[in-house]
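Below is one structure, written out as structure tokens; comments come after it.
A, B, ... follow the sequence lines: proteins, then strands. Residue 1 opens every chain. Just so it is clear, the model here is predicted, and its values are computed rather than measured.
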Amino acid sequence: MARKASLSGFPEWLPNERLVELHVLDTLRRTFELHGFGNIETRAVETVGQLLRKGEIDKEVYGLSRLQADEGEAAGTDPNALALHFDLTVPFARYVVENAGHLAFPFRRYQIQKVWRGERPQDGRFREFTQADVDVVGDGALPFRYDVELALVIADALGALPIGEFTVRVNNRKLAEGFYRGLGLEDTAAVLRSIDKLEKIGAEKVAELLVAEIGATDEQAHAALALASIRTADTSFVDQVRALGVEHELLDEGLAELTEVIEAASQRAPGTVVADLSIARGLDYYTGTVYETVLVGHEKLGSICSGGRYESLASKGNRVFPGVGLSIGVSRLVSRLLADGGLQATRDVPSAVLVALNDDDSWYTAQDVATALRGRGIAVEVAAKAEKFGKQIRYADRRGIPFVWFTAADGSHEVKDIRSGDQVAADPQTWTPPAEDLQPGITTS
RNA sequence: GUGGGUAUAGCUCAGUUGGCAGAGCGUCUGGUUGUGGUCCAGAAGGUCGCGGGUUCAAGCCCCGUUACUCACCCCA
């Protein structure tokens, strides 16, 4: 865990840490836009009824009330009460329905916002955190091809980040459900919930769960676990599933879909996208492809990016808007990069140059130097007091500002690289720092 | 919501059978009249989470409380 905020679960970064987060956000924005996704922002609040439309997660939701509200106004029972959104998918679905007349489908959008969940905070789990979502939503129907595209978009986006190796694990709900039905297990949601714990509690415990809670036979539990143990980086999972001898129409459909995703991904993003038939995803609105992403070596952190295909999250009359998309847990990712990745910004401030003062009167001519440099896109600050040069240099050093600018009494200029100590004559109208010093960079310590 | 752990300087932590509040790092000042980092000397900085109790005496023992933290649940 990186530095903790005084209020648990509501992280606040220091300027240097925020630069790392901004770098992540900027990179995601650029990548999403390179793939043709436009941006929207939805309001932070939704009605309780809207948020809880899909599932029983009410205890996660932070309600909103006026301090002087009447008692009856308290959130909880009234579906018109306001609450903070706990993800961006549900508000997005609402937004699509409301603005359907103004949107061009398939609608591609990305959305980067804070979300809130009223849970016990833990390592990598927050009450207030930033998610970065990318989704495509269609009107009536959405070609399966988008399930493939989204896997590639996310592989590209994560690949552009300084996060080391990661694995996008992909499964398909139809495949899993068809398999369980073929086995004779009808409560597929319950099976999925148990299978989802595989990585955490192990195969034996999951088998016990399946037998105890769902009433599966040992044979059925064994087969379900056999399916969940299949992981391949190519399409060989198909043969492995077939070898288990289960038949179901939905299973065939799921196998075909997953094959398409893995086939394309193994060519365009080799090694990062794998078929993993243990991936379940808790949310029940997913209907086909499901994605989950872990950092290699940080599996215990949990998923840093997940999502899937939802066939009917949004509907308006008899019009449905199926979609597919993923959500990156930016805060979780950044907190881990800062703590274990040792990632940090090369300096705490944007300034590339500090203009030093000879005496307090030279502040005005120093501003002229600063203005000239800023005119060429160089971030500059001017010393406030004509302290000893040693102190002015130390001021820059403390903040990581790489250059200190000196203007002599005769009007001549010199600039010093305080890392190397090199000091050379310079002209405010033409001097430019090396490109890598223009803005704070990101490095591992 | 349930269970365990922790709480002392800005940070990381010592603090003996209860006896005047400590270290390292960081910060600030100085080391002879303006070019930092090393080194040396000095200084500042604490309601020992909060409230009560036991005691001549509590950072330490007891009770309560709050916060943080780990696990469960759920999830990015």
Next item on the list: For the pair A:Asp359 and A:Lys385, find out whether any cationic side-chain nitrogen is under 4.0 Å from an anionic carboxylate oxygen.
Entry: no
Margin query: Would you say the base of B:A76 stacks on A:Phe126 (centre-to-centre below 5.5 Å, plane angle below 30°)?
Written below: no
Checklist line | Selection from B:C73, B:C72, B:C28 that lies nearest to any side-chain heavy atom of A:Arg120 | finding: B:C72
Notebook entry, point to check: Where each pair must be Watson-Crick or G-U wobble with both distances under 3.5 Å, what dot-bracket representation of RNA chain B is obtained, with crossing pairs in [ ] and other-strand partners as |?
Noted result: (((((((..((((.....[..)))).(((((.......))))).....(((((..]....))))))))))))....
Next item on the list: Look at A:Arg394 together with A:Glu387 and state whether they make a salt bridge at an N to O cut-off of under 4.0 Å.
Entry: no
Notebook entry, point to check: With rounding to whole Å, what would you report as the distance between B:G49 and B:A44 at their P atoms?
Noted result: 24 Å
Margin query: Quick check with a 6.0 Å cut-off and a 45 degree axis cone: is A:Arg109 positioned over the face of A:Phe32's six-membered ring?
Written below: no
Check: With rounding to whole Å, what would you report as the distance between B:U17 and B:G53 at their P atoms?
Finding: 27 Å
Note to self: Nearest whole Å is fine: how far is B:C68 C1' from A:Asp123 CG?
What the structure shows: 14 Å
Margin query: On the nucleotide B:A76, are OP1 or OP2 found under 4.0 Å from the side-chain N or O atoms that A:Ser303 carries?
Written below: no
Checklist line | Interatomic distance, A:Glu33 atom CD to A:Arg108 atom CZ [nearest 0.5 angstrom] | finding: 12.5 Å
Item checked: Options B:C73, B:A76, B:G31, nucleotide nearest the side-chain atoms of A:Lys388 -> B:G31
Check: Is the closest basic N to carboxylate O distance between A:Arg399 and A:Asp348 below 4.0 Å?
Finding: no
Next item on the list: Using a 4.0 Å heavy-atom cut-off across all strands, classify A:Ile418 as base, sugar-phosphate, or nothing.
Entry: base
